[in-house]
2 protein chains.
Amino acid sequence: MTNLSIGELSRRVSVKVPTIRYYEQIGLLPAPPRTEGRQRRYGAEDVSRLSFIRHARELGFDVEAIRELLSLSAAPEQPCEPADRIVLRHLESVERRIAQLQLLGSELRHMLDDCRHGQVGECRIIQVLADHEQCRHEHGRVS
Amino acid sequence: MTNLSIGELSRRVSVKVPTIRYYEQIGLLPAPPRTEGRQRRYGAEDVSRLSFIRHARELGFDVEAIRELLSLSAAPEQPCEPADRIVLRHLESVERRIAQLQLLGSELRHMLDDCRHGQVGECRIIQVLADHEQCRHEHGRVS
DNA sequence: CTTGAACCTCTAGTCGCTAGAGATTGTACG
DNA sequence: CGTACAATCTCTAGCGACTAGAGGTTCAAG
């Protein structure tokens with residue numbers, strides 16, 4: 001359970017070795033003790049913390065949000081409203097991205113529908129790209 | 001119409017000046033003629049090409065796809081099936097991303113719903129992050 | 001002719017990793 | 001105990017599509 005090498009930690013938590021070192025470098029994970037030969041050795045606490053980070057990344061939180069969530073989770077007496085707000089903010093950005101992508105998707109479907117599958121010279125796909133006025137919507141930038 | 005400075009081209013096409021230089025650097029835009037003092041001067045052809053690029057970027061195509069679309073658009077006699085395929089491939093990736101984000105969104109909504117808005121110690125948000133087994137789905141990585 | 005906005009090149013930073021080089025360490029086996 | 005070799009170490013660079021800034025030059029209006 002304790003004194004895991006970085007490779008063992010990696011397998012347990014399904015986070016790649018270089019990613020673990022990267023997390024240490026940016027301060028998401030504390031620097032663990034080392035063997036005499038300077039190899040890292042991890043304990044149960046690190047397993048939990050890295051799992052937390054991995055789950056949060058899977059949910060699409062960026063590193064800054066994870067930093068905040070981690071520091072919130074260390075203070076169980078505090079109100080959880082700040083955590084709430086972080087999740088809500090992220091949810092809203094996910095929803096904005098979905099809306100953007102849906103616009104994009106319908107645009108692309110229209111392009112495909114309109115294309116008569118002939119030659120490039122009369123291809124609606126190319127025409128729409130060349131002259132956007134023939135297009136249905138305006139978009140912002142999608143991340 | 002012709003002999004535009006990079007700033008004029010930028011305003012016409014709504015692409016920022018450094019972005020135009022970047023496109024030249026990566027070979028999306030041809031290197032234009034210069035004045036004696038080495039400043040770029042653009043013509044009508046560049047306006048079209050840059051518009052094409054901008055529209056394609058708005059539709060989320062990556063630079064490699066745009067490169068292909070541009071070279072296809074230069075050959076009006078060729079069948080437009082390759083263009084078709086590029087658009088379809090992109091549409092599919094957009095749809096995959098939408099599906100991913102929708103999973104994420106519902107996950108985040110559940111977290112918010114479950115949170116009783118008390119203290120961090122009993123906060124479902126923190127708990128779910130700390131122990132993913134309490135969670136509903138498995139996800140892959142979202143771009 | 002002077003001013004100053006626009007232009008030039010070059011480098012580095014963004015985000016969250018990933019890949020690779022080249023050196024060192026840990027460990028299993030004989 | 002020696003050796004082989006997998007795993008670890010540090011460091012640097014690269015991804016994509018730009019963006020920002022420094023420090024210097026040119027163009028065009030008045």
Check: residues 115-122 of chain A side-chain donor-acceptor pairs under 3.5 Å, at least two apart:
from: A/R116; atom 1: NH1; to: A/D113; atom 2: O; distance (Å): 3.3
from: A/R116; atom 1: NH1; to: A/D114; atom 2: O; distance (Å): 3.4
from: A/H117; atom 1: ND1; to: B/D84; atom 2: OD2; distance (Å): 3.4
from: A/H117; atom 1: NE2; to: A/C115; atom 2: O; distance (Å): 3.2

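To the nearest angstrom, C1' of D/dG14 lies 16 Å from CD1 of B/I26. The CG-P distance, from B/N3 to C/dA6, rounds to 19 Å in whole Å. Summarising the geometry, the separation between CD on B/E64 and P on D/dC18 is reported as 13 Å, rounded to the nearest angstrom.
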Sort me out a list of protein N/O and nucleotides 19-21 of chain C N/O pairs below 3.5 Å, or just none if empty.
none

Contacts under 3.5 Å, N or O only, protein and nucleotides 26-30 of chain D:
from: D/dC27; atom 1: OP1; to: B/T35; atom 2: OG1; distance (Å): 2.7
from: D/dC27; atom 1: OP1; to: B/G37; atom 2: N; distance (Å): 2.9

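Among the atoms of the strands shown, base atoms are found under 4.0 Å from some heavy atom of A/R21.
Evaluation of the salt bridge (charged side-chain N to carboxylate O under 4.0 Å, His left out) rule for A/R96 yields no partner, not counting sequence neighbours. Contacts of B/F61 classified as ring-ring contact (aromatic ring centres under 6.0 Å, His included), with partners at least two apart in sequence or in another chain: B/H90.
Looking at A/E8 and A/R12, no side-chain N of the basic residue comes within less than 4.0 Å of a carboxylate O on the acidic one, giving no salt bridge.
Within the structure, every side-chain polar atom (N or O) of B/Y23 is placed at least 4.0 Å from both OP1 and OP2 of D/dA17. Between A/R34 and C/dT25 there is no side-chain N or O to OP1 or OP2 distance below 4.0 Å.
Annotation: salt bridge (charged side-chain N to carboxylate O under 4.0 Å, His left out) contacts involving residues 36-49 of chain B, sequence neighbours excluded, comprise B/E24-B/R40.
Distances from the side chain of B/D62 to the nucleotides D/dC9, C/dT9, D/dA17 place D/dA17 closest.
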